[in-house]
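What follows is a set of notes on a single structure, which appears directly below.
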Amino acid sequence: MQITSQTFKANTVKALADVELQRALKHVEKGFIGKRQKAADALPEFEALRDSAMAIKQHTLKHLDLYIDAYVEKVEASGGKVHFAEDADHARRIFLDIAKRRKAKTVTKGKTMISEEIGLNAFLEENGITPVETDLGEYIIQLRGEHPSHIIAPAVHINRDQVEADFRKFHVDLDPKRDLVKPETLLSEAREILRRKYGEADIGVTGANFLIAETGTSVIVTNEGNGDLTQLLGKCHVVLASLEKIVPTLEDTAQILRVLARSATGQEMSVYTTLSTGPRRAEDQDGPEEYHVILLDNGRSNMLGTEFEDMLRCIRCGACMNHCPVYHAVGGHSYGWVYPGPMGAVLTPSLIGVDKAGHLPNASTFCGRCESVCPMRIPLPKMMRHWREKEFESHLQPTTARAGLGLWAFFARRPTLYRAAVSFAMPALKLMAGSKRRFRSLPLAGGWTKWRDLPAPEGRTFMQAYAQSGHARSSGRGASK
Amino acid sequence: MSGSTRDAVMGRIRRAVGATPANEEARRRVVEDRLGAAPAGVIPERGQLPPAERLALFIQMATKADATVARLKSTAEIPEEVAAYLRERNLPATIRTGGDPRLSGLDFSQTSLSVTQGPSDGDDLSSLSHADGGIAETGTLVLSSGPDNPTSLNFLPEYHIVVLDAADVTGDMEAVLARLRQRQGKGVMPRSVNFITGPSRSADIEQTLLLGAHGPRSLHILVVGDA
C-alpha cells in the first residue's frame, strides 16, 4: 500500500475536517474503554496475568532462535511447511509460488495485518488472483478500496449508512426494496455473499495470534468465525505471521489469551480460539490438503537487542489506540500505513524508516494512557521518545525546529540567563496581550494560533511564584545558585 | 524451505540475543526445560471450585456469552431435547452429526428427526456435536477435529447443538490442555482444536454487537449428568 506517513500533518488536517469520520470515531472512545475496564475489574488476577504474559514474551525473545527451530521442527512433523521471508517482496513471491503450483484463482482471507504489511491483495490482483476478505469489517473496506484504520476493528472509520450505500452499489443482485437500515440485515447480506466463497477458494489465508513452538500450532482468535471457515474450507491453508508471534507452550498461550480479549474488546474470551496443526489427516473428512506458514521478518530481527525490542511483545490487541486521544481525534488512516495509534507510532518507523514516519512518534501528548493499558506493559511513550531522539540525531527535522531547540538548549544550560529572559518576557507578554489575556496570533507560534488562541502568561514566572510561596526556603532548594 | 533466508534471519537473531557457542548448551537446556515442563503461570481463582459449583459457573459464563444451556439427566434424553429445540424454533426436523459413537449410538426413532452423518457442505441448518470438554472460567466449549466431530459442523450450520458431559467440565483452560496432551501424546495435536465461547458475532458496524456473523447464530449446550 501507498505509504502516506510522510504527510501525517496534512492527513490529520483532512481527518479533523471529515464530518463522517469524526462521527464514526466517537464509537471508539465510547465502545472500547469502558468494556476493557469492566473486564479487567472482573478478574482479580488481571494485573498478575499482565506480568506473566510480559515475562513469557521476554523469555521467548531472549531465546527466539531456539524456539523458532523447535516450532519449525514441529510444523514439519505434522506435515506442514514453514517458509522464511526476509521482507514484504519475498513473502509475496513465496505466496505466488504456492498459488501458481495450486493453480489458484480465488483466495479467501481471514483478518491478517501481515497481509496488509506485505500488500498482498494488490499483488494478487496484479497476478490475476482474486482475494476475498471475509471479516465483515475487512470485506466492507475491500468493497470501498480502502485499508483498515484499526488493527482489530478495520472499518471503525465508517458509519452504518455508508456501508448500506456500498452494499447497494456492489451487490448487484440486491433487491433495491430490501430494507438494509438495520445493521442486522447488513450482516446477513454479507454472510450470504461470503458463504459461497469459502468452499470455492483454492487457498485460505489467515494470520496468527500465536505460533506455538511445543506443538507447531498456529492460533487465530476471532468472533465472527470467518477466519476459521477460511482455513477449514480452503483447499490449502496459508498462515501469514511474523517472527515474534512465537510462544513456547500451550500453557503460555493460555496465559496471554487471558489478557488479549479483555484488552481488545472487553470480552472474557473471544468467541473462537482455533488451534491449527498441519493439514488434513488421513482420517479427517474436512480440512485443508496443504498447510503453509510464511514466517516474515521484515525488519523485526533488527529490533531485537535494541531499545525497540519491547515492541516485539505486542499482541495486536488495539488497546493503545482505543485509549489514545490522538487516535480518537484523527483516526487510523492519518498514520499513513498499516499500524496506527501508539503501537504504530513506534512500530512504523522501525519497519519503514524514521525518515518516512518521523511524524508519528511526535504525534503524542505523552499522556501515558497507552502504556497504562498495554497488556504486555510495552513502554510506548519511552520508545516514541527514542524515535524523537533518533530523528534529531539524524537531522531529519526542519531547520526551524532544530533552531528552536538549539535556542532553548542555549538558555536551558544557563539558568541565570534563562531566568532573566523569562522574567522579562512574562510581564511583557502579559502587557502585549492586554485585557483579553489571549493571543489570536503571535510570531513564531503560528502552528499553535492557527487553530486556537494562546493564553497569555499571568506576569510572574514559575520560579518567582515558587519563591514567594515560601516552599523554596523550607525545601532547601533555593532559586539562586 | 528457503535455506539461505532462514540462515540469514536466524544469524541476525542469534547475534541480537547474544547466542554464542559458549552459552549454547545452557540456552538449549532452558528452552528444552520450558517446552518439557510447560509451567502453568497464573491460574485465576474463579474456576477453582468443587464440581457442582464449577458446573454452575460454566453454565453461568456460557449463558453470559449468549449460549443457551439445558441440563439432561442422561444421554437417552438427547434425542427428544434436540427435537424440541428445533420444533420450538420452527426449524426443519433434520440434523447433521459426525461419527462420534456417543452420538451415533443414540436412539432417534422416537422422534421425527432425520439424522444425517458427515461433514457439512454448508446447506445444513442444524448440527449436533460432542465436546471434549468445557471450561468453567469462561463458559468455553472445547471440540477437536476428526471424523467423530468434523470441524465444519462447528461453523457452517446456523444452529449448533453441543453435548457436554458434566464430568468433562474443568476449572480452567490449562486442565483441558493437560488432558489433550495426555490423550494425544506430548507435542502432538489434533489438526484442529476449537475453543468456542457463545455463538458467532460481529461488532464491525458502528461497534454494535450482532449475533450470527459467519458461524452459528445460536449455540445450544446440552449438559449431561451431574458434576
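Order of the sequence lines fixes the chain letters, A, B, ..., with proteins taken first and strands second; residue numbering starts at 1 for each chain. A quick note: this is a predicted structure, and the numbers were derived from the prediction, not measured.
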Check against side chain to side chain contact (heavy atoms under 4.5 Å, CB included), Ser192(B) and Leu275(A)
CA-CA 5 Å; Ser192(B) 183; Leu275(A) 280 58; over 6 Å; no

Residue Glu45(B) versus chain A: region with a heavy atom under 4.5 Å:
both

List the steps and the verdict of side chain to side chain contact (heavy atoms under 4.5 Å, CB included) for Glu206(B) and Lys26(A).
CA-CA 9 Å; Glu206(B) 294 190 351; Lys26(A) 295 224 167 19; over 6 Å; no

Classify the ring geometry of His214(B) against Tyr198(A): parallel below 30°, tilted from 30° to 60°, perpendicular beyond 60°.
perpendicular

Proximal component of Ile212(A), with respect to chain B [non-hydrogen, under 4.5 Å]
neither

Examine whether an atom of Thr217(A) lies under 4.5 Å from a heavy atom of chain B, and if so say whether it belongs to the side chain, the backbone or both; otherwise answer neither.
side chain

Checking Arg191(A) side chain against Ala213(B) main chain: does a donor-acceptor pair fall under 3.5 Å?
yes

Arg34(B) vs Thr60(A), side chain to side chain contact (heavy atoms under 4.5 Å, CB included): CA-CA, chis, key distance, verdict:
CA-CA 10 Å; Arg34(B) 182 160 192 126; Thr60(A) 313; over 6 Å; no

Where is the tightest heavy-atom contact between Gly146(B) and Asp284(A), given as atom of each residue plus distance?
CA-OD1, 3.4 Å

Can any side-chain N or O of Arg195(A) pair as donor or acceptor with the backbone N or O of Leu156(B) at less than 3.5 Å?
yes

Within a radius of less than 6.0 Å around CD of Glu283(A), do more than 12 heavy atoms belonging to other residues, nucleotides or ligands occur?
yes

Which answer fits Ala70(A), side chain, backbone, both or neither, if we ask what part of it has an atom under 4.5 Å from a heavy atom of chain B?
side chain

Any sub-3.5 Å donor-acceptor pair from Arg27(B)'s side-chain atoms to Lys62(A)'s backbone N or O?
yes

Can you see which heavy atom on Lys186(B) is nearest to which on Glu214(A), and at what distance?
NZ-OE2, 2.8 Å

Scored by heavy-atom pairs under 4.5 Å with chain A, the best of Gly118(B), Pro190(B), Gly18(B), Gly122(B) is Pro190(B)

Is the side chain of Ser200(B) donor-acceptor paired with the backbone N or O of Glu224(A) at a distance under 3.5 Å, no angle test?
yes

Heaviest contributor of heavy-atom pairs below 4.5 Å to chain A, chosen from Ala203(B), Gly212(B), Gly36(B), is Gly212(B)

Minimum heavy-atom separation for His63(A) to Val31(B), with atom names?
CB-CG2, 3.6 Å

Interface moiety of Leu61(A) toward chain B, non-hydrogen atoms closer than 4.5 Å
backbone

Asp69(A) portion near chain B, given a 4.5 angstrom heavy-atom threshold:
both

Can you list the steps and then say if Thr274(A) with Phe155(B) is a side chain to side chain contact (heavy atoms under 4.5 Å, CB included)?
CA-CA 11 Å; Thr274(A) 296; Phe155(B) 291 98; 4.1 Å; yes

Residues in salt bridge (charged side-chain N to carboxylate O under 4.0 Å, His left out) contact with Glu189(A), at least two apart in sequence or another chain
Arg178(A)

With only heavy atoms counted, which part of Thr138(B) is less than 4.5 Å from chain A, the side chain, the backbone, both or neither?
side chain

Do Arg46(B) and Glu268(A) meet the salt-bridge criterion of a basic N to acidic O distance under 4.0 Å?
yes

Please classify the contact of Gln267(A) with chain B as side chain, backbone, both or neither, using a heavy-atom distance under 4.5 Å.
side chain

Are Leu210(B) and Leu186(A) close enough that some pair of their side-chain heavy atoms sits under 4.5 Å apart?
no

All heavy atoms of Val42(B) vs all of Ala48(A), minimum pair found to be CG2-O, 3.9 Å

Please state whether the side chain, the backbone, both or neither of Phe32(A) comes within less than 4.5 Å of a heavy atom of chain B.
side chain

Is it true that Thr5(B) and Glu86(A) share a donor-acceptor pair across their side chains at a distance under 3.5 Å?
no

Per-residue contacts, residues 55-68 of chain B versus chain A, heavy atoms under 4.5 Å:
Met61(B), Lys64(B)

Heavy-atom cut-off 4.5 Å, strictly under: side chain, backbone, both or neither for Lys74(A) against chain B?
side chain

Nearest non-hydrogen partners of Val30(B) and His59(A), listed with the distance
CG1-CE1, 3.5 Å

Would you check if Leu250(A) and Met189(B) make a side-chain contact, meaning some heavy-atom pair closer than 4.5 Å?
yes

Between Thr208(B), Val193(B), Asp172(B), who has the most heavy-atom pairs with chain A when the cutoff is under 4.5 Å?
Val193(B)

Look at Pro147(B), Ser144(B), Gly41(B) and state which one has the largest set of heavy-atom pairs under 4.5 Å with chain A.
Pro147(B)

Heavy-atom side-chain proximity of Leu49(A) to Pro44(B) below 4.5 angstrom
yes

Going by heavy atoms in the side chains, are Leu209(B) and Asn223(A) under 4.5 Å from each other?
no

Side chain, backbone, both or neither: which part of Pro44(A) has a heavy atom under 4.5 Å from chain B?
neither

Engaged part of Leu194(A) at the chain B interface, taking heavy atoms whose separation is under 4.5 Å:
side chain

Salt bridge Arg181(B)-Glu251(A), side-chain N to carboxylate O under 4.0 Å
yes

Please look at Arg160(A) and chain B and tell me whether the side chain, the backbone, both or neither of the residue comes under 4.5 angstrom of a heavy atom of that chain.
both

Flag side-chain contact, heavy atom, 4.5 Å: Asp297(A) against Arg12(B)
yes

Please look at Thr306(A) and chain B and tell me whether the side chain, the backbone, both or neither of the residue comes under 4.5 angstrom of a heavy atom of that chain.
neither

What heavy-atom pair brings Gln285(A) and Pro119(B) nearest, and what distance separates the two atoms?
OE1-CD, 3.4 Å

Indicate yes or no: at least one non-hydrogen side-chain atom of Val271(A) is less than 4.5 angstrom from one of Pro199(B).
no

Quick one: what part of Leu136(A) sits under 4.5 Å from any heavy atom of chain B, side chain, backbone, both or neither?
both

Side chain to side chain, Asn194(B) and Tyr272(A), heavy atoms closer than 4.5 Å
no

Between Ala155(A), Gly31(A), Gly287(A), who has the most heavy-atom pairs with chain B when the cutoff is under 4.5 Å?
Gly287(A)

Region of Leu219(B) in contact with chain A, defined by heavy-atom distances below 4.5 Å:
neither

Check: His83(A) and Arg6(B) side chains under 4.5 Å, non-hydrogen atoms:
no

If I measure from the heavy atoms of chain A, does Thr140(B) come under 4.5 Å with its side chain, its backbone, both, or neither?
side chain

Which atoms of Ser276(A) come close to chain B, meaning under 4.5 Å heavy atom to heavy atom: side chain ones, backbone ones, both, or neither?
both

Among the options Gly187(B), Gly215(B), Gly99(B), pick out the one with the most heavy-atom pairs lying under 4.5 Å from chain A.
Gly187(B)

Salt bridge check, Asp65(A) against Arg28(B): does any charged N sit closer than 4.0 Å to a carboxylate O?
no

Answer with side chain, backbone, both or neither: which region of Pro216(B) has an atom nearer than 4.5 Å to a non-hydrogen atom of chain A?
both

Salt bridge Glu137(B)-Arg258(A), side-chain N to carboxylate O under 4.0 Å
yes

